[in-house]
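Below is one structure, written out as structure tokens; comments come after it.
No experiment lies behind these values; they were computed from the predicted model shown. Values reported hereafter were calculated over all heavy atoms of this structure, with side chains retained and with hydrogens, waters and symmetry mates removed. Here is the naming used below: chain letters follow the sequence lines, and residue numbers restart at 1 for every chain.
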There are 2 protein chains.
Amino acid sequence: MTATATQVTEDIAHPKRDQIELGAVLHALSDPVRLRIVATLIADGEHTCGGFDVPVTKSTCTHHFKILREAGVIHQRPQGTARVNTLRRDDLEARFPGLLDKILQSA
Amino acid sequence: MTATATQVTEDIAHPKRDQIELGAVLHALSDPVRLRIVATLIADGEHTCGGFDVPVTKSTCTHHFKILREAGVIHQRPQGTARVNTLRRDDLEARFPGLLDKILQSA
DNA sequence: ACCATTGTACGACGATCATCGTACATCTGC
DNA sequence: GCAGATGTACGATGATCGTCGTACAATGGT
């Protein structure tokens, strides 16, 4: 198909803090690929999607980033053709104090 | 079919402590029914399978208890036709210190 | 304007999940 | 021995999941 309209790339939808649900967070972090992504963000602060050492293809990565974003675990902002991922540490800490640290310690 | 052998009911297989995996625990607790079961065990100590107030049928309950047991979150011992469920608190604390408490605080 | 890079949408596939009803085994009280 | 209680195995269903390949859009460098 050909392009018909300019995509507004800075509007990546994220759930608000009070929309972040425990079940979705636990589900998001129960997958080894997503847990590795989150552990890398803890260590490095931020990464673009292509900057992770994960054993799956690009399209599967996109799938995993979508789940992490929709669960409210990560924040994504566009930077050229890339998307910069960061952990929503403050939001997660406010919602579930200490939980993320405990999960990462257990990993 | 008719009964052909006496079932050995005390041998309910549970994973050993070092076989308990973080991903399986997080997955087990990402479901609202299972989270409610675990929260009830925290509060009451132990319950038989039928002693939980959950919005699903008996066979679905059996399915959920199976997932919790196989993830190493609960221990089940037979008592007549019933099974008494308890949290494997010590095992989970040894494996993932503080994690269960944080999850339950967040629930 | 072209090219490379980045990431996504879409559709497909096989596996897993959560649900349920049914039939049955086991245990215990009577 | 029978009845009731408890819980499971089995099979079924529809939904979700994690995987991938392909085609494409958007961006920025040249």
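- For D:dT27, the OP1/OP2 oxygens have no side-chain nitrogen or oxygen of A:Thr81 closer than 4.0 Å.
- Protein atom NZ of B:Lys66 is 15 Å distant from nucleotide atom C1' of C:dT19, rounded to whole Å.
- Rounded to a whole Å, the NZ atom of B:Lys58 is 12 Å from the P atom of C:dT22.
- Between B:Thr60 and C:dC20 there is a side-chain polar atom (N or O) within less than 4.0 angstrom of OP1 or OP2.
- In this model, a side-chain donor or acceptor of A:Ser59 finds a partner on the base of D:dG21 within 3.5 Å.
- Counting heavy atoms of neighbouring residues, nucleotides and ligands inside a 6.0 Å radius, atom CG of B:Asp90 does not exceed 12 of them.
- Taking atom CZ of A:Phe65 as the reference point, atom P of D:dT19 lies 13 Å away to the nearest angstrom.
- Remark: P of D:dT16 and NE2 of A:His64 are 18 Å apart, rounded to the nearest angstrom.
- Which of C:dA18, D:dC20, C:dT6 sits closest to the side chain of B:Arg34 comes down to C:dA18.
- The number of heavy atoms from other shown groups lying within 6.0 Å of CD (A:Glu21) does not exceed 12.
- No donor-acceptor contact under 3.5 angstrom links the side chains of B:His75 and B:Arg88, judged on distance only.
- A:Arg69 places its CZ atom 7 Å from the P atom of C:dT8, with the value rounded to the nearest Å.
- For B:Arg83 and C:dT26, the shortest distance from a side-chain N or O to OP1 or OP2 is not below 4.0 Å.
- Between D:dG7 and B:Thr62, no contact under 4.0 Å exists linking OP1 or OP2 to a side-chain N or O.
- Whole-Å rounding puts the A:His63 NE2 to C:dA12 C1' distance at 14 Å.
- Electrostatic pairing of A:Asp101 and A:Arg89 counts as a salt bridge here, judged by a charged N lying under 4.0 Å from a carboxylate O.
- Separating the NE2 atom of B:His47 from the C1' atom of D:dA5 is a distance of 18 Å, rounded to the nearest angstrom.
- Here the straight-line distance linking atom CD of B:Gln105 with atom CG of A:Leu22 works out to 11.5 Å at 0.5 Å rounding.
- Comparing A:Ile67 and B:Cys49, the nucleotide of DNA chain D nearest to each residue sits closer to the 5' end for B:Cys49.
- For B:His27 and C:dA18, the NE2 to C1' distance is 9 Å, given to the nearest whole Å.
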